[in-house]
Amino acid sequence: MYEALFTKHEHKKVLPELECAEHGVVMRFAPNPSGPLHIGHARAAVLNDAYVKQYGGRYILRIEDTDPKRVDPEAYEMVKEDIAWLGLGITETVTQSDRLALYYDLCGQLIEKGGAYVCTCDNEHFKELKQSKTACPCRDQPVEKNRELWKKMLDHTFKEGEATVRIKTDLHHPDPAMRDFPAFRILDSPPHPKVKAHVYPLMNFSVVADDHLLGVTHVIRGKDHIANTRRQRYIYDHFGWKVPVYRHYGRMGIEGVVLSTSKMRLGINEGIYTGWDDIRLGTLRALARRGISPDAVKNAVLAIGIGDTDISFSWDNLFAENKKIVDPLANRYFFVPDPIIVTITGAPHRTAHAMLHPGDAARGTRTLVFKESVALPNGDITHDTAMVRLKDLFNLKISCDGNTPSFSYAGDSLAEARSAKAHIIQWLPAQDLVRCTLLTPEGEITGACEPLVTKELGKVVQFERVGFARIDAVDMDGVRAYFTHK
RNA sequence: GCUGCUAUAGUGUAGUCCGGCCAAUCAUGCGGGCCUUUCACGCCCGCGACUGGGGUUCGAAUCCCCAUAGCAGCACCA
């Protein structure tokens, strides 16, 4: 019944159909554990998740940690936390560093098939050859030679930079990016946090191996992977494997936020940001801390869809989604920013009962006991305000003797306040207020709030006339709340 | 430079494949009104777009060409 009041009858936008999906799909979300997930990851994660739910099937979380230079040991845990927060329907998890033997084995097979070779050329030199569409000397080595060199890679006879496995493609391919791209490299340092290894597959190889081995049928990823998709096709063809269905969506930016993990890390190290959940960052944990609900993120990302146009994601749209979710849930309280304490003359002692939620009387009220002094938002008391109404209490007349305003009781009539066009403002009993800091991306607003707010730790409330906020901390200093949105 | 992808209102999005029903959808935003003891929610009204130029056609947002702009790739990153 109460739910119905808030149920909006919107047409849910449905994602476009995927081909060959009638009998279910196997999809994956494959982050690199270099930091926590951000909005950009959420797009891939949520889109894939939505399709798995739409068609039924398996949803694999694959941790792509084959570059020890880009692995943050803490990220394994952070990624899982973020996925749990988003509420994705992951059915299984694999970690690529556990699977190196698999990749080595497949590489051996590919070498036997003549689909790959071990290249010992200098990197710069190879680059030049590639640009001029000429084969490097290693390309035509017999299989036996490649087999032998591959063994030397594995037994660490070769050191970092001395040899690399390349996939045979088409040296005359018009796109230089396609020509004999690398599949394995040697790295002596840094050590991998999870396995002892020095030969690492490059993304295009391990991705194909796993997509095939895990039975992935559909891949939805950013269009920065279009070239990789084309490269990967060569590997599929060498093995004679079936290629999954691909979809590439466009680049996404979000107004005023860095989404690059490395830049965020830099900012944190330099002390510009307080941590991964600094509310100025686009990480999921930052959004969570601000009071954005995971469903809002999901809905916003789903609304964007899988278009291949580059887009600039707008906070407005995210906030609107979040408000739909949070408005029916959030209890209402008074927060008085920049308070001034005033004494009201001629007023009877009263107790105000304000509703915790205007749409749900069953939730009850909070009580505010008025004695004679109240805290008011300084910004609402200007020289030309003659009257205001203290919400759920009474009217207040303001008269000015020069520069010193005085406040007096002006009756209980709501109708009078209306006809006087008095603003209905929030207030707090002076004897009963809790210090409260509201943190916004632009800075801090200090003020005071109702004592009951301390019971809302971790929840999103609405400070009437101010906006939604998530209660982040409650301690001796009072309440710290993060501003969510209006 | 080479290769490729994209281009609908401030933002996001539908329509584009299979030209006409599109003087272009929906959401968000903005403006106005109503409701209301919040500048929240809800309701109503309004604003606002097919990148430009050619071509094909009786007819083009939709097909073709050119231009422009944006983006991506050309790594022993993912």
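Below, read A as the first sequence line, B as the second, and so on, with proteins coming before strands; counting in each chain starts at 1.
Using a 4.0 Å heavy-atom criterion, one finds that A:P377 contacts no nucleic acid atom at all.
The cationic atom of A:R99 (NZ for Lys, CZ for Arg) does not lie both less than 6.0 Å from the six-membered ring centre of A:Y104 and within 45° of the ring axis.
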Next item on the list: Let me have a per-nucleotide readout for nucleotides 64-73 of chain B, 5' to 3', with B, S or -, counting only protein heavy atoms under 4.0 Å.
Entry: ------BSSB
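For A:H423, the NE2 atom sits in a loose shell: 12 or fewer heavy atoms of surrounding residues, nucleotides or ligands are nearer than 6.0 Å.
Per the geometry, CD1 belonging to A:I254 stands 14 Å off C1' belonging to B:U28, to the nearest Å. Here the P atom of nucleotide B:U38 and the CE atom of A:M355 are 9 Å apart, to the nearest Å.
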Next item on the list: Evaluate the salt bridge (Lys or Arg N to Asp or Glu O under 4.0 Å) criterion for residues A:K223 and A:D310: first the C-alpha distance (whole Å), next the side-chain angles of each, then the deciding distance (0.1 Å), finally the verdict.
Entry: CA-CA 9 Å; A:K223 74 178 187 184; A:D310 300 330; 3.0 Å; yes
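Between A:P174 and A:L202, it is A:P174 whose nearest contact on RNA chain B lies nearer the 5' terminus.
Comparing the C1' positions of B:G10 and B:C30 gives a spacing of 9 Å, expressed to the nearest Å.
Residue A:D327 places its side chain closer to B:A40 than to any other of B:U37, B:A40, B:A78. If you check B:A27, B:U13, B:A40 against the side chain of A:Q462, the one that comes closest is B:A40.
Neither OP1 nor OP2 of B:G29 sits under 4.0 Å from any side-chain N or O of A:S314.
For A:E255 against B:U11, no side-chain N or O and base N or O form a donor-acceptor pair under 3.5 Å.
With A:R332 as the partner, the side chain to side chain donor-acceptor pair (under 3.5 Å) test is satisfied by one option alone out of A:E450, A:H357, A:E464: A:H357.
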